[in-house]
Each structure stands twice: as C-alpha cells, then as structure tokens.
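A short worksheet on the structure shown next.
Note on naming: letters A, B, ... go to the chains in the order of the sequence lines (proteins, then strands), and numbering restarts at 1 for each one.
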Amino acid sequence: CSVHFVQQQNSVCSSHPFHPCQTADWICCLSCVFLQDVVVVSGFTVGKSPTAKSDKRHPFNLLLTSDQACIYVNIVTSVTCPPKHTYVKLSDLKAEELVNVYGVVVFFKQPFKSYGTDYCSSLKITDESNQKIVCTIFCREMDDHPKIFQNGDIIRLHRVKAKWFNGSMTLSSNVGFSVVTFDGAVGGAVEPRSSRKFFSFDEHDRRRVEELRSWAVSQDVCSTVSAAVPLSGVQPKVYFDLTCQLLAKAPIDTTCMLLRVWDGTKCPYTQSDVTIDPDTIEGPASFSGTKKSFIANILVFDNHVVCAKQLKIGAFLRIYNLRAVCESVKEPGLLRMDTDHLVFQLNGGTSFGKGIRVLPESSPDVQKLKRFGKDEPSDSEMLEIWSTPPEFLSKKTLFLSVSFCCSRSCSHQIQPMTLSQLKQSQPEGEYHVRAQLRSYQPHRLHQSLKLFCSNCSSMQEIPNEEVLSGIFSAAFQDSTPCRHPPWILSGHKSMDLTNVMNPSTFITHSHTHTHISSLPATFAGFSLEETCMLAAHYENIVPLTSSGGDLDLLDLSAPFLFRGKKRYYGSESETFNINNFIMNLGIQLLQYVLLMRLKLQDSTDTLDVFLWKDAEKFFGVSAEDVSATEEAQERVQKVMDLLCPPEDSQDQRPWLDLCLMAYAVEDEPGQSQTCYQIINTTIITPSTTQSGPD
DNA sequence: GTTTAGGGTTGG
C-alpha cells in the first residue's frame with residue numbers, strides 16, 4: 001500500500017499521483033477504469049485459479065482477501081495523456097491515405113453477402129466539416145461489422161483507406177480495420193458497441209462522441225435522416241423504419257414470410273387478412289379482439305427471408321425501409337382496385353438500407369418500447385396487453401409456458417398485475433404477478449438451506465463440517481467411564497430404546513434389532529467421520545458424551561440425531577434434562593427450510609421477493625432431502641437454471657405465473673416494511689411434465 | 001495484405 005507514484009517509462013504521466021481505492025469502494029473504482037488506464041493492484045493474494053482448465057485463462061488469480069487490499073487507478077491518465085489515435089476530419093481526406101475517422105451515420109445498410117469471401121456493409125457518415133462520405137466495409141464475420149441501429153449513431157473507424165471513386169472521396173476498410181459504434185442520443189450513456197474484447201476507449205473518445213452528438217443535434221442531422229414511424233403514424237405508400245416486437249411468424253412460400261409484430265400503438269388503417277396454414281405458424285395462430293387491432297402483418301421477401309427464419313418469437317426488431325401498401329383486389333371484369341386494407345412489405349434487395357436487425361434488450365429503443373404501457377396509464381387495456389409477454393397470448397403458447405414453467409395451486413382467481421402496480425397497491429394480501437427471474441441469492445444453493453425453530457421462530461445457519469468435527473472431538477476428550485443411567489439399563493420401552501453403547505458415546509436405536517453391549521465396553525469416542533460411518537449401519541444414532549460421570553447430549557449446535565445421511569438438529573427446550581430427553585427427547589426439533597431471495601422483473605419494474613414458506617412446494621422437494629440427497633440438490637439447481645439460465649446459454653428466461661403474499665414486517669416499533677413471499681406456486685420442469693394442455 | 005461493392009425502391 002505504499003505505492004502512490006509509479007514510474008512509467010516513456011510516459012508523460014509518470015509523475016501523476018495514483019488515486020487510492022479501499023476495498024469497500026473497489027467496485028465503484030473499477031467502474032471508472034478505462035482501457036489503457038494504468039492500475040496498481042496491491043495487497044492481493046496470488047491463488048491458483050480453480051477454473052483455469054475450463055476457461056483456459058491464466059493459471060493464477062489475484063484474490064481480494066484482506067482489508068489491506070488496494071487498487072490504485074491512475075485516473076488522470078486519460079485526460080492528460082495525448083490521444084492514442086489521431087482522427088482526420090472528413091474534409092481532409094486524401095486519396096490512398098490510411099486514416100482513422102469519427103462520424104455521424106446518415107445512411108447504412110445491414111451487412112450483405114458479397115460475391116467475394118466477405119460480408120459487405122455500406123454506409124455514409126458526416127462530421128462538422130459537413131462532408132458526406134460513403135464507406136464500404138468488408139469483414140468475413142457478421143459480428144465485426146458496425147453495429148449501427150439507426151441514423152444518428154456515432155461511429156469510429158480505424159484503419160480505413162481514402163479512395164477516389166466516381167468523382168468523390170470514399171472510405172474502405174483496410175488491413176487491421178476496426179469499428180466501434182455508439183448511440184447518438186445527447187445525454188445518453190457513451191457505451192461502445194464492438195465485437196472485440198479489447199479495444200481502445202478513453203476520455204478522448206468519450207468527449208469526441210459527445211461533441212458529435214451535440215453537433216448532430218444542432219444541425220438537425222437526425223431529423224432529416226430518421227425514418228422511424230410508429231404503427232399509429234403509418235400512411236399508405238410510405239417507406240419507414242419500424243421498431244417492434246415479433247409475436248408470430250409463418251412461411252408463405254419460398255420467397256416470402258409473414259411476420260406478426262406490434263409496437264404498442266394502433267395503426268389507424270384496417271389490416272388486410274393474410275391467410276396462412278395454422279400448422280406452419282410459430283407463435284400464436286390468432287389474436288382476439290383488442291389484441292388483434294394492435295398487430296401488424298409484415299410480408300418479408302427474397303433475401304430477407306433467410307434473416308427472418310432466424311428470428312425468435314418475442315425478439316425486439318428494427319425493420320428498415322418497410323413499406324405500407326394498400327391491398328389491391330381484382331374483381332372479374334373490373335380494373336384492379338386498391339382497398340383501404342393495409343399490409344406491410346419488406347421488399348427484396350438492400351437498397352435504401354432495407355433489412356431487419358435484432359435489437360439487444362439493453363438498447364434504449366427497446367427500453368422505450370417496453371415502457372410504452374407504463375407511459376400511457378390511461379389505457380388500462382393497452383397496459384394489460386403490452387405487459388403480457390407474447391408467450392401468454394394464446395392457448396397454444398399458454399400450454400408451452402405452463403408446462404415448462406409453473407403452476408399455481410391457489411384457489412383464488414385474481415387477475416395478474418404488473419410489478420409496478422403491485423408496488424403501488426395496498427400491502428397485505430395475496431396477488432398474482434407474471435414475471436421473469438432476474439437474479440437470486442444465495443447463488444451457492446447449499447447456502448439457502450437453514451434451520452428453523454418453530455417454537456421461537458428463529459432461523460440459524462447449518463454449522464459447517466469443520467465446526468461439527470470440533471464439537472465431536474471436544475466431546476470425547478473425556479473418556480473416563482461413567483455411570484449407566486437407570487434408563488439405559490431399564491431399556492425404556494416408551495422410547496423403544498434398544499441399543500446402547502457404553503460407556504459414553506452412543507445410543508443407537510433400531511426398530512428391528514436389540515444389541516445391548518454389542519460394541520466394546522470401553523472406547524475413547526467417535527469422531528464425526530466415524531459417526532457418519534456408523535450412521536450407515538444403524539437406523540438412528542444419538543451421539544452422547546460423559547459429563548462429570550453422567551451421560552449427556554453433545555453441544556446442541558451439533559446434530560442430536562443421525563438417521564442415515566440425514567442429520568437432525570435441535571434447540572434446548574426449557575425443561576431440558578437428560579431424563580426428560582429420554583421421555584420426550586427434550587429437544588425442539590429444528591426444521592430444515594430453504595430460504596432464498598429472488599429478484600423478479602417484468603416490463604414495468606423489479607421486485608425482491610422471498611421464497612421460504614412454500615419453497616418446498618416451489619421446488620417439489622423437501623428441505624430435509626436437500627440436506628441429505630444429491631437428487632434433491634440437483635432438482636433445486638435444475639429449477640434455478642431453468643428460471644435463470646446461465647449467462648453463456650442461449651436459453652431465454654421463462655415467464656412465471658406467481659402467487660405472492662405481501663406482508664408487513666416491523667423493523668423497529670412503528671417502522672414497517674412490506675415484504676413479499678412466493679406462495680402456492682410449483683415450478684414444473686420439462687422432465688416432470690406429463691400432462692397435456694389442460 | 002487479394003477480392004468483394006461502389007446507397008437511391010418492380011412487386012409479390
């Protein structure tokens with residue numbers, strides 16, 4: 001921790017102090033570290049990486065284990081160091097020069113397959129010099145192409161070559177080409193979009209992006225090039241860009257595909273009926289009433305069919321250069337007549353940027369789309385529809401979602417509400433919500449297993465194996481023989497006590513055997529390990545110790561009973577003594593319980609809920625089994641993996657129909673807080689699903 | 001360290 005200055009060779013930053021960061025704020029500190037910043041890590045422990053084999057990363061880790069650990073970040077590097085790259089104004093391009101440029105996108109095409117080896121992106125950019133430059137980019141991988149979502153996005157191109165073509169200056173990708181794209185909204189986060197893990201990005205970049213954003217707004221660049229129109233704003237024969245969610249799709253023929261989408265607004269024109277074979281449709285086959293009036297039929301042709309085939313139901317899309325056309329009919333003997341029924345077409349080819357792009361969930365436009373219902377609370381019907389995930393919109397898909405997700409066993413029929421409505425409503429009572437699981441704690445599922453005393457309503461952790469070993473070895477330090485209490489010799493019938501080990505260690509108790517003194521009369525005691533081995537051969541084992549010549553139970557933080565692999569814990573009862581123990585075990589049996597905290601999300605909000613009272617019902621296992629059997633543990637893991645698929649898997653989070661109980665908890669007198677628990681809900685995993693749609 | 005394409009709409 002003595003490092004406050006770092007001597008860097010060949011750097012103008014060498015004399016700048018580093019900013020020390022204590023462990024408490026290390027996360028905060030790391031969030032302000034940029035690539036190229038110099039970081040000093042001190043007081044960390046070098047440890048073997050347990051995942052080195054699987055992730056093929058460095059065999060060692062730096063572990064943050066003590067309060068002394070520090071990360072020093074040279075936060076001044078990025079502002080005082082000269083820029084790593086120089087950028088050329090678009091008016092200063094010279095033919096055959098290799099340059100880096102920044103620009104605002106004013107036209108772009110989705111990458112299309114060239115006749116060579118690569119995909120080709122075609123775009124046009126501009127900057128403060130007001131030059132508009134066409135750029136042609138070749139990359140073999142789709143992912144390496146610019147991630148442009150709309151005109152007005154800011155783009156940074158490295159290693160492009162200026163060339164004269166047809167009387168104007170153009171830019172083409174060159175060897176070592178790379179691109180980073182940013183959203184163009186003034187005031188929005190400056191988040192680089194790139195396929196690469198490592199790319200330079202510092203304060204100079206941030207400033208340049210913000211400069212270009214402000215300039216573009218001042219010049220009204222975006223309003224002249226944006227063609228975004230919501231469904232409520234479409235006019236016949238107009239070309240426009242649509243941001244929407246995909247609800248269903250169906251092939252029409254080899255060159256055409258139907259996409260059914262919505263964006264939360266209602267198109268003022270009647271939709272023409274597109275008839276399709278219900279067996280070929282993916283997603284709901286039909287929509288009823290109000291829902292139907294929000295849905296647009298889009299016919300996608302030729303080259304776009306390949307892309308459309310890959311789209312997943314529920315995905316958020318932007319469709320570029322879509323055209324609204326009036327359906328025309330030809331009556332026999334009459335001229336072809338246009339009707340007032342609209343259908344949308346994405347015609348073949350890539351001219352005018354025609355294409356489809358899947359927008360990432362994090363995109364501001366997707367967030368805006370999802371908020372639609374929230375911003376228009378007056379239309380409650382719309383709110384209900386918009387916050388309904390598409391999976392729930394028809395019987396066919398309802399079956400899918402129910403059979404793969406969960407079922408409620410409560411008797412009441414309440415309409416589901418959004419998380420935001422629930423948060424605003426009166427506490428206490430039972431509610432239904434439809435939500436996805438965003439995250440959960442504890443992530444190590446075995447930590448969710450606790451011990452609960454129903455007598456005093458207290459919850460405690462299960463001691464770990466090391467602590468238990470300690471209790472056992474301490475209990476058997478005293479190996480002096482002790483008196484047989486009368487109950488041992490009398491073989492108390494009411495307890496069916498049948499097998500007693502002498503002098504000081506165990507009562508074993510079997511319903512079927514009677515072995516008195518089947519073990520050596522004197523022995524020093526059993527360790528935890530030995531007890532476990534014994535437990536495999538006897539039905540019940542109660543570990544005892546000698547205490548001043550009398551038999552006594554072990555410290556109650558250890559299990560008082562072993563039954564096979566199951567261990568039973570207890571808490572001391574008021575009237576406890578060893579005789580009462582024999583009469584009624586004198587122990588309040590602690591229940592195994594599962595306790596988790598889940599973060600739910602829907603399109604309106606997030607909500608922290610507990611899973612405890614009905615956790616066993618939720619998982620379909622008993623907590624006691626979870627404590628002892630791998631099958632039960634795997635079951636819990638499987639359910640959590642289903643609800644919250646691991647990051648690297650492509651699985652989508654399923655929507656859950658949940659019954660919640662809201663209740664007030666008093667932290668301090670007069671200070672109450674509303675808590676929520678999942679109740680009456682059972683998760684059904686695919687393998688446990690046998691039933692049909694009913 | 002080569003090639004590809006080099007914005008600008010048929011219409012179904």
Side-chain angles (χ1 to χ4, degrees), chain A residues 90 93 95-98 103-126 131-142 144-146 148 150-151 153 155 157-178 224-227 235-242 250-259 272-276 297-305 308 319-330 336 338-339 341-356:
Chain A
L90 295 179
L93 296 174
E96 301 309 305
E97 247 181 18
L98 205 57
V104 180
V105 176
V106 292
F107 169 78
F108 66 103
K109 273 186 188 185
Q110 296 305 317
F112 57 94
K113 197 95 186 82
S114 74
Y115 290 108
T117 57
D118 300 340
Y119 283 95
C120 176
S121 279
S122 186
L123 54 137
K124 189 184 263 179
I125 60 174
T126 187
Q131 288 292 313
K132 293 196 172 54
I133 301 290
V134 170
C135 310
T136 306
I137 291 160
F138 293 104
C139 290
R140 199 163 293 207
E141 299 300 324
M142 254 324 219
D144 293 333
H145 279 265
I148 305 170
Q150 60 190 335
N151 286 330
D153 282 355
I155 196 165
L157 301 168
H158 278 183
R159 286 180 169 259
V160 280
K161 197 173 193 175
K163 292 174 183 173
W164 266 109
F165 180 77
N166 266 356
S168 35
M169 194 60 86
T170 61
L171 287 169
S172 311
S173 53
N174 209 292
V175 175
F177 162 82
S178 77
T224 55
V225 289
S226 170
Q235 293 294 327
K237 294 182 180 166
V238 167
Y239 289 95
F240 67 104
D241 296 346
L242 180 68
I252 303 286
D253 57 46
T254 53
T255 65
C256 182
M257 186 140 177
L258 170 72
L259 302 183
S272 69
D273 269 330
V274 181
T275 40
I276 35 164
N297 289 318
I298 298 177
L299 293 173
V300 160
F301 292 97
D302 303 339
N303 53 320
H304 308 299
V305 171
I319 305 176
Y320 303 95
N321 201 232
L322 195 55
R323 194 180 194 202
V325 291
C326 291
E327 192 183 30
S328 68
V329 286
K330 187 168 180 345
R336 190 163 259 278
D338 275 358
T339 65
H341 287 199
L342 270 197
V343 68
F344 300 98
Q345 297 183 345
L346 180 65
N347 295 129
T350 63
S351 57
F352 284 86
K354 280 197 290 266
I356 304 175

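Residues A:L123 and A:I155 form a side-chain contact, since some pair of their non-hydrogen atoms from C-beta on lies under 4.5 Å apart.
Within the 4.0 angstrom heavy-atom criterion, base atoms lie near A:T117. Backbone-only engagement by A:Y115 is indicated by non-hydrogen atom pairs under 4.0 Å involving sugar-phosphate atoms exclusively. When heavy atoms are screened at a 4.0 angstrom cut-off, A:K109 is found touching the sugar-phosphate backbone but no base atom. Base engagement by A:N347 is indicated by at least one non-hydrogen atom pair under 4.0 Å involving a base atom. Nucleic acid contact for A:G348: base, since at least one base atom lies under 4.0 Å from a heavy atom of the residue. Residue contacts shown for A:K354 include a base, since a base heavy atom lies under 4.0 Å away. Contact annotation for A:Y119: no contact, since no heavy-atom pair falls under 4.0 Å across all strands. Within the 4.0 angstrom heavy-atom criterion, base atoms lie near A:D302. Base contact: A:N321 has a heavy atom under 4.0 Å from a base atom. Using a 4.0 Å heavy-atom distance criterion, A:T136 is classed as a base contact.
Residue A:D118 has its side chain nearest to B:dT4 when only B:dG6, B:dT4, B:dG8 are considered. Side-chain proximity of A:R323 to the nucleotides B:dG6, B:dT4, B:dG11 is greatest for B:dG11.
With centres under 5.5 Å and a plane angle under 30° as the test, the ring of A:F138 is not stacked against the base of B:dA5. Stacking here means ring centres nearer than 5.5 Å and ring planes tilted less than 30 degrees, and by that measure A:F301 does not stack onto B:dG11.
Formation of a donor-acceptor pair under 3.5 Å by the A:N303 side chain with backbone atoms of A:G349 is found in this model. Of the possible donor and acceptor atoms, none in the side chain of A:N174 sits under 3.5 Å from a partner among the backbone N and O of A:V160.
Atom CZ in A:F344 sits roughly 17 Å away from atom C1' in B:dG12 (whole-Å rounding). Taking atom CZ of residue A:F112 and atom P of nucleotide B:dA5, one finds them 7 Å apart after rounding to whole Å. One can place CG of A:N297 at 17 Å from P of B:dG12, the figure rounded to the nearest angstrom. One atom, CD of A:Q345, and another, P of B:dT10, lie 12 Å apart when rounded to the nearest Å. Across the protein-nucleic acid pair, A:K161 atom NZ and B:dG1 atom P stand 11 Å apart, rounded to whole Å. Across the protein-nucleic acid pair, A:F107 atom CZ and B:dG6 atom C1' stand 12 Å apart, rounded to whole Å. B:dT4 atom P lies 18 Å from atom CZ of A:F177, rounded to whole Å. The separation between A:L346 atom CG and B:dG12 atom P is 15 Å, rounded to whole Å.
Regarding the sugar-base torsion, B:dG7 falls in the anti class, its angle being beyond 90° of 0.
Scanning both residues, A:N321 and A:K354, for their nearest heavy atoms gives OD1-CG, 3.2 Å.
Salt-bridge formation is detected for the pair A:E96/A:K161: a Lys NZ or Arg NE/NH1/NH2 atom is positioned less than 4.0 Å from an Asp or Glu carboxylate oxygen.
Along DNA chain B, the nucleotide closest to A:T170 and the one closest to A:G176 are compared, and the more 5′ of them pairs with A:G176. Annotation: of the two residues near DNA chain B, A:R140 and A:K113, the 5′-most nearest-nucleotide partner is A:R140.
Rounded to a whole angstrom, the distance from the C1' atom of B:dG6 to that of B:dT10 is 23 Å.
Partner A:I298 forms a side chain to side chain contact (heavy atoms under 4.5 Å, CB included) with one of A:V274, A:I356, A:I319 and no other, that one being A:I319.
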